[in-house]
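To find a chain, count down the sequence lines: A is the first, B the second, and so on, and within it residues start at 1.
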Amino acid sequence: MSDAAFKSEFLQAMQARGYIHSISHPVELDEAAAARKLVGYIGFDATAASLHVGSLIQVMMLRRLQQAGGKPIVVMGGGTTKVGDPSDKDTQRPLLTTEQIQANIASLKTVFAKFLTFGDGPTDAVMVDNADWLDALGYVEFLREFGVHFTINRMLAFDSVKLRLDREQPLTFLEFNYMLMQAVDFLELERRHGCNLQMGGSDQWGNILNGVELIRRVDQKPAFALTTPLLATASGAKMGKTVAGAVWLNADMRSPYDYWQFWRNTEDADVGRFLRLFTDLPLDEIARLESLPGAEINAAKKRLADETTRMLHGADAAETAARAAEAAFEQGRLSDDLPTVEVKAADLEAGIVLAALAHDAGLTGSRGEARRLAQGGGLRVNDKAETDANRAVTTADLVEGVIKLAAGKKKIVLVRPV
RNA sequence: GGGGGAAUGUCCCGAGUGGCAAAGGGGGCGGACUGUAAAUCCGCUGGCGUACGCCUUCGUAGGUUCGAGUCCUACUUCCCCCA
């Protein structure tokens, strides 16, 4: 497959910005894109109440599609989540209840509007829930209509299945059906919305191809697959895993300040790649930023943090986060914009064990962890390392009305009595 | 259908003789060095308690034992061989 010279704006941009891992029917897809006839979808499972940074690349792909004159469809996996994608999981996840799934979907929805323009126009994004058609399918009907198009022989060869088998982990029949459901999704979207492109992570390649082939076989319509490379940092870590767990996109689960910090802490070697993937900055500007020598690269990281935070949380939040970070890290002073935790004034009067306070403030996962952290010299009260996490923190520790609590150099919380 | 093996710290991989909170990696976190980077070196990496301590962990459920990850039985899942 030679993808050297795409003529469509969409694929050119996708390639230049590093989104493309694999494409099916590249020439045909390029033509459809050039003719602005792409209707592309990505499915999102509703296993959590928020997307995290790991899914951001998918959301950005829909954004690129819209920018290039295509129509994006966001598919919420209200139906598929009931089954569970076996991809790269060791064992089956506990099944979510329908209520949980619906609650998750409601929570997930809000984020997409930040990246896409929804509406009724030809290139406006739409959101659908695959429970709408999957729930209504009868088993026998499902088997007769779609089951005939899939051979077990092929399904066993797919990575998602093979991996589980190779690892000697059970794969239930329930999960085995996931890939069929995803194929049915694509077909259904083709019929309902003229959808002809499904995108996703490279782990979805097999699942997506199933849909492509189903559409081509059953409806004799063109359909394409496009997958992204699996994202990892330059040093090999999985994208989006940090101290406090996943980097959620919902503001109530991960503050704009933390989000800004996440991007600010990008490794040097990743800056250019991330700028291309996660911001709308022009490519020549990115080329300039990523080639900044030595410590100057920090300017590029700030730009990355600014742009990504603005896109998700808005300009005000981005600016506030940037200001708080600058104050804390570059000037070493406090800023009201730092994350704040409130404690009862009466409790503080009485004294709160430092380990408990650090834990309650979300700095550590447990009191024991806070103690160990303190012993290692990583716990600071008002910038002073505190090795005894058993000491009581009291009103005497207040400086200008707050207590600055830090775990390591980057996790800072202001404790404020109320 | 018969025979043999395997499942370990809920992030992963992986040692483990009846006394084990359980070797060693990776990852993660912290410290030093830097540029809020990488690499490197050092420390930490089940929960609770100020503390001698208590509680929970080795696929699941029982049993033997003063004591079980370690032995026995049944079950679940996986691998290999024979049919």
Compare side-chain N and O positions of A:Lys410 against OP1 and OP2 of B:rG35 and report whether any pair is under 4.0 Å apart. no
In terms of side-chain heavy atoms of A:Glu267, which of B:rA38, B:rA51, B:rG30 is nearest? B:rA38
Who does B:rG43 pair with, Watson-Crick or G-U, both distances under 3.5 Å? B:rC29
Salt-bridge criterion met for A:Arg372 and A:Glu369 (N-O under 4.0 Å): no
Plane angle bin for A:His313 and A:Tyr259 - parallel if under 30°, tilted between 30 and 60°, otherwise perpendicular: perpendicular
Distance, P atom - from B:rC44 to B:rA22, rounded to whole angstrom: 13 Å
Using the C1' atoms only, state how far B:rG5 lies from B:rG49, rounded to an integer number of Å. 44 Å
Test: A:Arg323 and A:Glu326 ion pair at under 4.0 Å: no
Between C1' of B:rU50 and CD of A:Glu386, the distance in whole Å: 15 Å
Determine whether A:Arg192 and A:Asp185 satisfy the following criterion, salt bridge (Lys or Arg N to Asp or Glu O under 4.0 Å), listing intermediate values before the conclusion. CA-CA 10 Å; A:Arg192 293 184 179 211; A:Asp185 275 353; over 6 Å; no
Span that lies between the P atom of B:rU8 and that of B:rC71, in whole angstrom: 16 Å
5' precedence on RNA chain B between A:Arg264 and A:Gly408 (nearest-nucleotide basis): A:Gly408
Considering every strand shown, what is the Watson-Crick or G-U wobble mate of B:rC71 when both distances are under 3.5 Å? B:rG63
How is A:Ala385 classified with respect to the nucleic acid when contacts are heavy atoms under 4.0 Å: base, sugar-phosphate, or nothing? nothing
Distance below 4.0 Å between A:Lys409 side-chain N/O and B:rA32 OP1 or OP2: yes
Between B:rG25 and B:rG14, how far apart are the two C1' atoms, rounded to whole Å? 8 Å
I need the CG-P distance between A:Leu304 and B:rA37, as an integer number of Å. 15 Å
Can you tell me, in whole Å, how much space there is between the P of B:rC80 and that of B:rG26? 31 Å
Cation over ring face, A:Arg17 and A:Phe278, 6.0 Å, 45°: no
Taking only the C1' atom of each, what is the distance from B:rA38 to B:rC48 in whole angstrom? 39 Å
Check this for me: does any side-chain nitrogen of one of A:Arg64 and A:Asp280 sit under 4.0 Å from a carboxylate oxygen of the other? yes
Round to the nearest Å and state the distance from A:Lys301 atom NZ to B:rG35 atom C1'. 7 Å
Between C1' of B:rG30 and CG of A:Leu363, the distance in whole Å: 12 Å
So A:Leu29 and A:Leu38, do their side chains get closer than 4.5 Å, heavy atoms only? yes
Atom-to-atom span, CD of A:Gln375 to P of B:rU50 - whole angstrom: 14 Å
Heavy atoms from other residues, nucleotides or ligands near CD of A:Glu319 exceed 12 (cutoff 6.0 Å): no
P atoms of B:rG62 and B:rG69, separation to the nearest Å: 14 Å
What is the nucleic acid contact for A:Gln261, judged by heavy atoms within less than 4.0 Å: base, sugar-phosphate only, or nothing? base
Cut-off 3.5 Å, side chains only: do A:Tyr41 and A:Asn130 have a donor facing an acceptor? no
Looking only at B:rU36, B:rG35, B:rG30, the nucleotide nearest the A:Leu373 side chain is B:rG30
Please classify the glycosidic conformation of B:rC44 as syn (within 90° of 0) or anti (everything else). anti
For atom NZ of A:Lys384 and atom C1' of B:rG31, their distance in whole Å: 17 Å
A:Lys302 NZ to B:rU36 P, in whole Å, measures 9 Å
Classify the nucleic acid contact of A:Asn390 as base, sugar-phosphate or nothing, counting any heavy atom under 4.0 Å across all strands shown. sugar-phosphate
Under a 3.5 Å limit on both distances, the Watson-Crick or wobble mate of B:rA7 is B:rU76
What's the gap between B:rU45 and B:rC52 when it is taken at their P atoms, as a whole Å value? 15 Å
Check this for me: does any side-chain nitrogen of one of A:Arg273 and A:Asp270 sit under 4.0 Å from a carboxylate oxygen of the other? yes
Anything under 3.5 Å between a protein N or O and an N or O of nucleotides 45-49 of chain B, put it in a table, one pair a line.
unit_1: B:rG47; atom_1: OP1; unit_2: A:Ser366; atom_2: OG; d: 2.9
unit_1: B:rG47; atom_1: OP2; unit_2: A:Arg372; atom_2: NH1; d: 3.3
unit_1: B:rG47; atom_1: OP2; unit_2: A:Arg372; atom_2: NH2; d: 3.3
unit_1: B:rC48; atom_1: OP1; unit_2: A:Arg367; atom_2: N; d: 3.2
unit_1: B:rC48; atom_1: OP2; unit_2: A:Gly368; atom_2: N; d: 3.1
unit_1: B:rG49; atom_1: OP1; unit_2: A:Arg367; atom_2: NH1; d: 2.4

At 4.0 Å (heavy atoms only), tell me whether A:Ile297 reaches a base, stays on the sugar-phosphate, or touches nothing. base
Whichever of A:Gly376 and A:Ala295 has its nearest RNA chain B nucleotide further upstream toward 5': A:Gly376
Taking pairing as Watson-Crick or G-U wobble with both contacts under 3.5 Å, can you name the mate of B:rG1, or confirm there isn't one? B:rC82
Distance, rounded to the nearest Å, where A:Asp270 contributes CG and B:rA39 contributes P: 11 Å
